[in-house]
Amino acid sequence: MQISYETYFDKVLGGWIGKSMGGAIGARFEGCKKWIEISPDEMFPETVPPNDDLDLQVLWLKVLEEKGPALTSDDLAEAWLEGCWYPFNEYGSFRRNWKLGIHPPYSGRFANQFWETGMGCPIRSEVWGYVFPGAPDLAARFAYMDGTLDHTEQSVGAEQMLAAMASMAFFVSDVRRLAAQFMHYLPQNTPIARLTRAAFDCYDKGLTLREAHARLMALEGNPEACDAEVNVPFTFLGLLYGGNDVQETMLAALRCGYDTDCTLATAAALVGQVLGASRIPESLKKPIGDELVMGIPYNRPEMTLTALARDTARIGVLMSQACATGIEILNPPKVAPLPPTAEAPPARLSVEYEGLPAAAPGDSVTVTVKTEGKIPENAPLTIETPNGWTAEPAKAVMGPRQRTVRVTLHAPNTVAEWPMKHLFTARLGAKPPISYTFGVAGAALWRFLGVYYDAVPQEGELAPEQAARSFHQHFVHITRPYLDEPNLDADRLYDQWSRVLGRPAVLSSYEYDLDPAAMVGLREPYCAYFSRTVISPHEQPVFFAVGNTDSFRLYFNRELIGERDEATTWTPYNNLYSGTLCKGRNTFLVKLLRRNCGFRFTLAIRANNSPERPGNFNVNDWLTDLSDLVP
């Protein structure tokens, strides 16, 4: 296939203009889950806001300029930590995991259950399609390296699908044809695949947009405003019901609500690319202008959309040549070549985990060390471990026919403190030598202080017609002090319940979860108490994020800081509390009610040190510098 540079550039610019327009219009409605009707003259805000949909892609272009076809997920991860402060939702999970030494794709999966299907990576798809015109498989492969930073299969598949569509949209203008060609990237038998197909079915069956929206929500709607399972299908509703009209596409996506800055930006980017900048109405381009508005410190030499499109097209020309895509871009301008850093190293190491990349004292974590590229015969491999850990084997050899080594990492059993971070280094004696640092997260260590309940209700607790319940149920109340809160003797109770259970009454929380069912099999309802001692290297203000489905009390350093008597749906921060970690030891006491089998409780600690937005929970990183006192 061939495309003139003039057409290629025009379509790239049209895509970036569409991305900016959709993000600006949708930003002020983000998270609104109502049906949204506005008139065209109400679309644009007075000031164009920055949008993470575009910011990270601009940063990815910088990495492409430096690494070219040698780019890896780790390159993107390092650039994010260096150039993008965003710690929101799944972004925050990635940043925490990367600091703990957990690489992609595990950084997108570990301790990220709520946000792993977020919209954070489908919205970063365009740059991969733009730099690989007519090479959809390559666009999807690079999108995978991006998406696995902070997401799992559903969101990653959506980014791959959209990247492949953008790659072929230089040659195919029919959204239906593009979607059909690349729908296979959505993992089969998942909500995102079923709802995306349902969106096309609704349109084909003649449903109105509002009826289509209602059908998708009735089939498998997700209440989380920024989840990809519904927002990617809503993006396609915008494209289908908007035709190839940029304005109507944005308004149609906006009507569906939810993650509107993302759905509008993605839909408008595709239509803007198909049309090209020259065919986007001036009435829509004028409110946006040519300024590249960003919310991260990184700035390009020229902060304009035109320059962004020019620089994107330059990389597209170079990548088409370097990767031998077979696509000819006709009459390109003379462009500076890729730098020496764009050449891949002779060999690379990586690590795959068997199970979670996390451990408690005495646990073992098995990994497979892998190499790719050119390595000599009998190249020595050594595994360096943090204090107290051992590796089995600690030494091995690798070569062209022995590219993997299975290693079991044994955590120390007798330690006084257990850090959140445990870093290992694999070193391969090749020429040049290769090293690879990876991590294992330290589990939180909770002491179980017992399970309590009322075998019969207190007098007057049940109405006469409910009296028969006392024969079939136990009873429990959050306000009933089953122990002397908060002045209980945690050491004595821990020893007592260790004897009762016949084993150490310690619950190791690998991914924030604290579930009494891991300790006892008593059927609900009941009350359980847990205590934990956290060691901070210095005094620091923090947020405590509580995810819960049932009632709880939370004590911090013997003060009650949070209580809820409720039954609700779990999210990681259903309830937020602020406090200050003292230097040294800090104690938590949690009282939990478990009254149904859908129980979930999580506790995570986030910094509270953002000078730009003091007191704003979602603009701070999760802490990685704490340790647990080992019971």
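Just so it is clear, the values below take in all heavy atoms, side chains as well, and ignore hydrogens, waters and symmetry mates.
- Using a 4.5 Å heavy-atom cutoff, the side chains of R124 and D150 are in contact.
- Using a 4.0 Å cut-off between charged nitrogen and carboxylate oxygen, D311 and R300 count as a salt-bridge pair.
- Partners of E328 by salt bridge (Lys or Arg N to Asp or Glu O under 4.0 Å), not counting sequence neighbours: none found.
- Contact annotation: the side chain of F142 never approaches that of D146 to less than 4.5 Å [non-hydrogen atoms, C-beta and beyond].
- When the options Y91, F94, Y573 are evaluated for a ring pair (Phe, Tyr, Trp, His ring centres under 6.0 Å) with W115, the one that passes is Y573.
- The backbone N or O of A336 lies less than 3.5 Å from a partner atom in the side chain of R314, making a donor-acceptor pair.
- Within the cation-pi definition used here (under 6.0 Å to the ring centroid, within 45° of the axis), R606 qualifies as a partner of F617.
- Expressed to the nearest 0.5 Å, how far CD of E224 lies from OG1 of T117 amounts to 8.0 Å.
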**Report entry** Stepwise side chain to side chain contact (heavy atoms under 4.5 Å, CB included) check, C84 with D55
**Finding:** CA-CA 8 Å; C84 176; D55 291 349; 5.9 Å; no
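- A distance of 11.0 Å separates CZ of R215 from CG of L237, quoted to the nearest 0.5 Å.
- For D259, there are no side-chain hydrogen bond (donor to acceptor under 3.5 Å, both in side chains) partners at least two apart in sequence or on another chain.
- Checking V48, I25, V293, I280 one by one against I288, the side-chain contact (heavy atoms from CB on, under 4.5 Å) holds for a single residue, V48.
- Using bins of under 30°, 30° to 60° and over 60° for the plane-to-plane angle, the ring pair W85/F88 lands in the perpendicular bin.
- Using modelled atom types, one side-chain atom of E511 and one backbone atom of A111 make a donor-acceptor pair closer than 3.5 Å.
- Inter-residue side-chain proximity for W128 and L162 is flagged as unmet; no heavy-atom pair is nearer than 4.5 Å.
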